[in-house]
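Chain naming here is simple, since letters A, B, ... match the order of the sequence lines and numbering starts at 1 in each. As a basis for the values below, the full set of heavy atoms in this structure was taken, side chains included, without hydrogen atoms, waters or symmetry mates.
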Amino acid sequence: MSRSFTKTILDITVYAVLIIGALTMLIPFVWMLSVSLREPAQQYARIIIPTPVTLQNYLDLFKDLPDQAFIYLTFNSFKISILTVVGQVLTCAMAAFVFAIVKFKGRDFLFALLVATLMIPPQVSLIPNFIIFKYLGWIGTQLPLIIPAFWGGAFGTFLLRQYFLTIPRDLVDAARMDGASLFDIFWRVYMPLSKPAVAALSIFVFKDAWNDLLHPLVYLPTDMHQTTLTVGLAFFQQQLQAGGKFTVLMAGAFLSIVPLLIIFFIAQKQFIEGIALSGVKR
Amino acid sequence: MDYGLKPLGREKLWLWLMLVPTIIGLVFGTIGSLFATLGLSLFDWDLINPPTWVGIDNYVALFQNENYIEAFVNTLKFSALYVPGVVIISLLLAVLLNRKMRGVGIFRTIYFLPTVTSAVATALVWNMIYGKETGILNFMLESLGMTPICWLCTDNAMMSVVIVNIWGAIGEGMIIFLAGLTAIPRDYYEAASLDGANNFQQFLRVTLPLVTPSIFFQTLISAINAFQAYDYIYMLTRRGQGDSSVPVAVYSIYRNAFHFFRMGDASAQAIQLALLVGVFMAIMFWWERHYVVYE
Amino acid sequence: MKKFLFVLVMASLLLAACGGGATPADKAPVEITFTMWGAPEELEVWQAVVDDFHSANPNITVKVDVSDWDSYWTKLNTLIAGGTPPDVFAMDAPLFLDWQSRGALLNLQPYIDANPGFLDGFYPQTLTAYKTTDGYYGLPRDFQTIVLFYNKDMFDAAGVEYPTADWTYDDLLAAAKTLTLDKDNDGKIDQYGIWSDTWDMELLWSEAIWSYGGEIINSDHTKTLIGEGGARDAWAFIDSLYKEGVMPTPTASGEFGFDLFQSNMAAMTTIGHWAVPGYVQAEIKFDVAPMPKGPAGQATSVNSAGFVVSKDSKNADAAFEFIKFALGTAGQTKLAQLGFAIPVLKSVAESDAYLKQPGDLNQKVFLDSVAFAHMKPVFKGYEEWAGVIGDGLIPVFDGEAELNPTLDEVIAAADEILANNK
């Protein structure tokens, strides 16, 4: 009797904490949306739902853009981000599998070296990498943004390796006894069991590629038909920020995250729900 | 670590095929990043004319460069506040949300939302939220009868910036931990209950040890992010033509390389920062060897 | 690429031989890149200038790359470091020497000598920044003088007389006090008398120092003079603007979006012509007056943005043709209509193209100000030097530090940078 009472109190407290936390997480988004729907005169008003609601700010964002630039910008961002995800998931998963499961000479050293590449921030490796791409003749194309995704990555490999390591080795032994090859074990045993981790990695990689400003800026021509959305928005933001046009700025900010939100909502079923159901059965 | 399959005969081919892309990446990564930066740090390069050799002068100059020292110290302060915050909060969150309860999916979605935004969008909103005269945080404080705080003034800037960064990273940690938590077989919990352990003891004896792989990962990644943090901090504390009231290491590196024509100094600073990361990595790998439980 | 050019050259030679050559034989098609920083509105007009240029020179195609200020320098530095510099790029006069002294720029003197009289129609003050002992390494594209802007509606509402050419800084302060209002009585100021940026010298503090009889830096750029004599009084005046509450502190400005005149929260500002299109678009009823006088006279700042050609450019001739066009009457007229800056060609500046552009303000004030304008200092290490001063004084203006001791510290640090950059 008292056990279930304490349990209820515990449950209620947990709910309360979670709800307060959730509101805190949401406040900035709500504010962003709210300001973006307001008339400029009300931009500092302390209200949540503006009266009147206006979409003018979103239209204002595009008025100085060349025709259909927004479509090109979004398409470029999208194309680069998706290709990056594909490249990363494939190559990191393969490498993670090898590092987690296979024994070979120099494995630990190689892994440490891989993780060590995380030590240098991108701003610093920008110029040396730029020079390499220059010699390859890739400056001005999308190649420097896409191809590197296909040669692995420290973060992705690290993430998946950790996950793979938690999968019981008996499965591997069992598969072996059934005559499975290395690749079979990878593709038929590990990958299916790793959906949550792969989904999580995909979202992180997509987000980083989508939000990347530095690399598209430098490798792509700064032409509103060839560059990405982040570069285009940066171009517009400076002017707006100087003039304190927060309503339009918020509209731009909101638009820049909408695609990510959409992707996330599509994928979240895959992994947020998937996480609960994929506990590995012994 | 002792585990591992031995590849049989022809499988060695597969082994290398699966690794080849990563090895190419490593070559580029080590040459393009590590070695290039290390090399450049021994020269003075203004980006325009060929580099000139200066040996370890740039490193010596590091210790006398007040701006850099300030930035480095800020990085350390920031990391000390941020890393424990993110790891602990997201772990607790994952534990709370790792059960069947109504709305768990919605909660998980909401907590993950901040990670999906960009630094620019986030900084814009938080600038508005933190505004001394116009921000909603102060609005809430005032309606509760308290005095408004100047969130982004030099005294409070560090804490405010840490809060924003944690806000933006909890979701990521939560997902990592959730994935790790679900890999813990339910039998262990059942066995523990049978032995009379309550929730808290189960957490200590079953959950914690078995979630160490994720703790290892998340702590290391968070630390690296903290040491290299730049975007959010710069956008929130920006003043004038490109300077920041809370300069951090990467900020100093960037300014030296792209505004002051001092690539050599920037590289030396980057190497020093990399050493910091490296030391932390070594500590974490040591911790992994002794404390992380994989099975 | 080379093969293509070769074929084209042969083809055009043939054409020339056959048909009496409208196209001279040596003009193979060339593509040059021109990068600049700017606002989205500028993109369209520069594209129009480029199109006009292309019609006049069909063999030269110009690819225009416009970025925001931050992105511009990141990209430029990367391109140059990587060995793929743009042919023509925009340069800010104060930063000019940093680039020129490091050998990144092409000496344009040979081209200027080949075009006698080319520079005659320019305002001479705009040319000095780009001249070195062995010639011009760049040319000004437009220039800016700083003037006093005032919001007519706010002045009318407060019953204050519009600023005149005889105003002194004391008049400014007095008017600002009357114009600083808490309109809804909530304890917060809703309208400031004046807003200006005090981080970089260009908008206010250099003018103040000069009109109080001080100087910024000595002629061989080894000593910072902003703490000597009249300059200290100028700083005291600026500090008083903050202390009297008529000007928002740097931290507060950030909250309101940096330019409070544009967001209708300040009655006056001191800024250059580049702000005009934004103010016109924000539908502010404003006009301009010359900068106020100080005890030692009237002074303002003149600065310019210029063109430079990369030393490693492979199409230097075509690059110069483009510059020549943009600095010619046709180009300057189109740019004048843009409204961002003042043409460097006197003839265009004094014509309707400039004087009758959109915006109901007295455009002539900008031109007249040239008479008492001092050039914004140009020297190696400018950016670092300006950073140390700008950053260093913010605590003073935020009310967290004392003016004079901080000035001493800041000047010492600034001098060190000058020493490092010799």
Side-chain angles (χ1 to χ4, degrees), chain A residues 40-41 43-44 46 60-67 69 122-123 125-140 144 213-227 230-250 252, chain C residues 1 33-45 47 63-86 186 188 190 195 197 248 253-266 271 274-275 277-279 281-284 340:
Chain A
Q43 66 186 13
Y44 299 120
R46 290 160 166 187
D60 280 348
L61 269 180
F62 306 130
K63 68 176 164 53
D64 289 317
L65 272 173
D67 315 304
Q123 292 86 348
S125 47
L126 182 66
I127 291 188
N129 283 332
F130 186 87
I131 295 180
I132 294 179
F133 288 123
K134 181 198 135 179
Y135 281 113
L136 289 170
W138 289 356
I139 307 291
L213 177 57
L214 199 58
H215 298 97
L217 172 67
V218 152
Y219 291 119
L220 297 174
T222 312
D223 170 315
M224 292 296 130
H225 283 229
Q226 296 187 277
T227 189
T230 29
V231 177
L233 280 177
F235 184 37
F236 286 80
Q237 250 149 28
Q238 277 232 325
Q239 192 70 351
L240 294 169
Q241 208 149 10
K245 293 201 174 60
F246 285 103
T247 52
V248 186
L249 274 173
M250 287 296 142
Chain C
M1 188 59 187
T33 44
F34 166 49
T35 59
M36 54 176 264
W37 71 84
E41 297 91 353
E42 297 184 61
L43 180 58
E44 247 185 83
V45 176
Q47 194 55 54
K63 287 198 83 67
V64 185
D65 225 35
V66 186
S67 316
D68 54 285
W69 176 269
D70 287 331
S71 303
Y72 177 73
W73 297 103
T74 307
K75 187 162 185 182
L76 184 65
N77 276 287
T78 311
L79 289 178
I80 290 193
T84 52
D186 61 349
K188 295 203 190 13
D190 305 296
W195 167 80
D197 171 42
S253 305
E255 227 179 291
F256 296 109
F258 188 68
D259 184 338
L260 272 78
F261 191 82
Q262 191 171 6
S263 43
N264 236 309
M265 292 192 59
I271 200 166
W274 68 81
Y279 296 166
Q281 217 185 57
E283 294 177 6
I284 299 180
F340 274 96

Separation between OG (C/Ser67) and CZ (A/Phe235), nearest 0.5 Å, reads 7.0 Å

In this structure, OG1 of C/Thr78 is separated from CG of A/Leu214 (nearest 0.5 Å) by 7.0 Å

In terms of heavy-atom pairs under 4.5 Å with chain C, the winner among A/Val218, A/Thr227, A/Leu217 is A/Leu217

Expected list for residues 129-136 of chain A: side-chain donor-acceptor pairs under 3.5 angstrom, two or more places apart:
| residue | atom | partner | partner atom | Å |
| --- | --- | --- | --- | --- |
| A/Asn129 | ND2 | A/Ser125 | O | 3.1 |
| A/Lys134 | NZ | C/Gly82 | O | 3.3 |

Applying a strict 4.5 Å limit to non-hydrogen atoms, the region of A/Leu233 in contact with chain C is neither

Ranking C/Val66, C/Asn77, C/Leu79 by heavy-atom pairs under 4.5 Å to chain A gives rank one to C/Val66

Across all chains, not counting sequence neighbours, the side-chain hydrogen bond (donor to acceptor under 3.5 Å, both in side chains) partners of C/Asp65 are A/Thr222, C/Lys75

